[in-house]
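Structure first, commentary second.
Heavy-atom basis, side chains included; hydrogens, waters and symmetry copies ignored. Remember, it's a predicted structure, so these values are computed and weren't measured experimentally. Residues take their numbers from the sequence shown, with the count starting at 1.
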Amino acid sequence: MNIETMFERPDVRQLVHAFSLLDGEADVRAFLTDLCTPREICDFAQRLQVARYLDEGEPYVAVQARTGASSTTVSRVSKALNGEYGGYRRMLIRLEDGE
């Protein structure tokens with residue numbers, strides 16, 4: 001299934017909409033806790049950290065060592081970070097602006 005088709009599914013549209021309705025960190029924390037396993041939440045956090053280090057110009061090997069992420073994960077995050085959708089990039093900018 002490709003990305004465009006996936007986001008046309010009613011259940012996926014509902015999930016995206018549900019995220020847009022979250023109001024603050026407490027809501028996000030509660031929803032993630034109910035929606036994901038602890039391992040999945042940690043995996044998401046690791047990917048965001050990988051994106052941050054790559055965005056700061058760190059080499060793949062250094063990012064792997066700092067985060068414990070596999071080479072596949074680092075490569076996938078790099079591809080997304082520099083890809084057409086821009087989700088990581090937008091979030092990193094928002095995080096930087098909010099810190």
Side-chain angles (χ1 to χ4, degrees):
M1 173 180 304
N2 67 34
I3 295 294
E4 288 78 21
T5 303
M6 179 186 67
F7 283 112
E8 292 173 5
R9 289 176 42 161
D11 57 335
V12 175
R13 283 199 318 265
Q14 178 178 303
L15 177 64
V16 169
H17 183 66
F19 273 105
S20 76
L21 297 175
L22 296 172
D23 185 30
E25 289 186 18
D27 274 3
V28 174
R29 191 177 302 115
F31 190 52
L32 284 174
T33 300
D34 289 348
L35 185 65
C36 303
T37 66
R39 181 72 241 162
E40 289 168 331
I41 294 168
C42 290
D43 287 347
F44 294 152
Q46 181 188 61
R47 290 177 197 149
L48 183 58
Q49 196 60 48
V50 166
R52 175 174 274 181
Y53 291 145
L54 289 173
D55 187 53
E56 291 171 355
E58 290 204 28
Y60 277 37
V61 174
V63 172
Q64 283 179 256
R66 285 184 76 173
T67 63
S70 69
S71 60
T72 301
T73 296
V74 174
S75 177
R76 187 177 302 127
V77 170
S78 177
K79 182 178 178 182
L81 181 64
N82 298 303
E84 64 182 291
Y85 298 105
Y88 279 122
R89 183 103 27 227
R90 281 196 300 274
M91 187 53 63
L92 290 173
I93 290 167
R94 289 177 187 169
L95 285 169
E96 186 176 308
D97 288 348
E99 290 179 346

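- Rounded to the nearest 0.5 Å, atoms CG (Leu35) and CD1 (Ile41) are 8.0 Å apart.
- Hydrophobic clustering keeps Leu92 apart from Val28 (ILVMFWY residues linked when any side-chain heavy atoms are closer than 4.5 Å, directly or through intermediates).
- The hydrophobic cluster containing Met91 does not contain Leu32, counting ILVMFWY residues as joined when their side-chain heavy atoms lie under 4.5 angstrom apart, directly or transitively.
- When all heavy atoms of Val74 and Leu54 are compared, the pair lying nearest together is O-CD1, 3.8 Å.
- Pairs engaging residues 26-48 under the ring pair (Phe, Tyr, Trp, His ring centres under 6.0 Å) rule: Phe19-Phe31 [sequence neighbours left out].
- In this structure, OG1 in Thr67 is found 11.5 Å from CZ in Arg47, a value given to the nearest 0.5 Å.
- Within the structure, salt bridge (charged side-chain N to carboxylate O under 4.0 Å, His left out) pairs that include any residue of residues 64-84 comprise Glu58-Arg66 (at least two apart or interchain).
- A 6.0 Å sphere centred on CG of Asp23 holds no more than 12 heavy atoms belonging to other residues, nucleotides or ligands.
- In Glu4, the CD atom is crowded: over 12 heavy atoms of neighbouring residues, nucleotides or ligands sit closer than 6.0 Å.
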**Request:** Determine, step by step, whether Ile3 and Met6 satisfy the side chain to side chain contact (heavy atoms under 4.5 Å, CB included) criterion, reporting the C-alpha distance in whole Å, the side-chain angles of both residues, the deciding distance to 0.1 Å, and the verdict.
**Result:** CA-CA 5 Å; Ile3 295 294; Met6 179 186 67; 4.0 Å; yes
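- No continuous path of ILVMFWY side-chain contacts below 4.5 Å connects Val77 to Val61, so the two sit in separate hydrophobic clusters.
- Summarising the local packing, CD of Glu56 is surrounded by more than 12 heavy atoms from other residues, nucleotides or ligands at distances under 6.0 Å.
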**Prompt:** How far apart are the C-alpha atoms of Leu48 and Leu95, what are their side-chain angles, what is the distance that settles it, and do they pass the side chain to side chain contact (heavy atoms under 4.5 Å, CB included) test?
**Reply:** CA-CA 11 Å; Leu48 183 58; Leu95 285 169; 3.9 Å; yes
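- For the pair Arg89 (side chain) and Asp55 (backbone), a donor-acceptor distance under 3.5 Å is absent.
- Contact between Ala51 and Leu81 at its shortest, heavy atoms only, is O-CD2, 3.7 Å.
- Among the candidates Ser71, Ser78, Ser75, the single residue satisfying the side-chain hydrogen bond (donor to acceptor under 3.5 Å, both in side chains) test with Tyr60 is Ser78.
- Residue Phe7 holds its CZ atom at 11.0 Å from CZ of Arg9, rounded to the nearest 0.5 Å.
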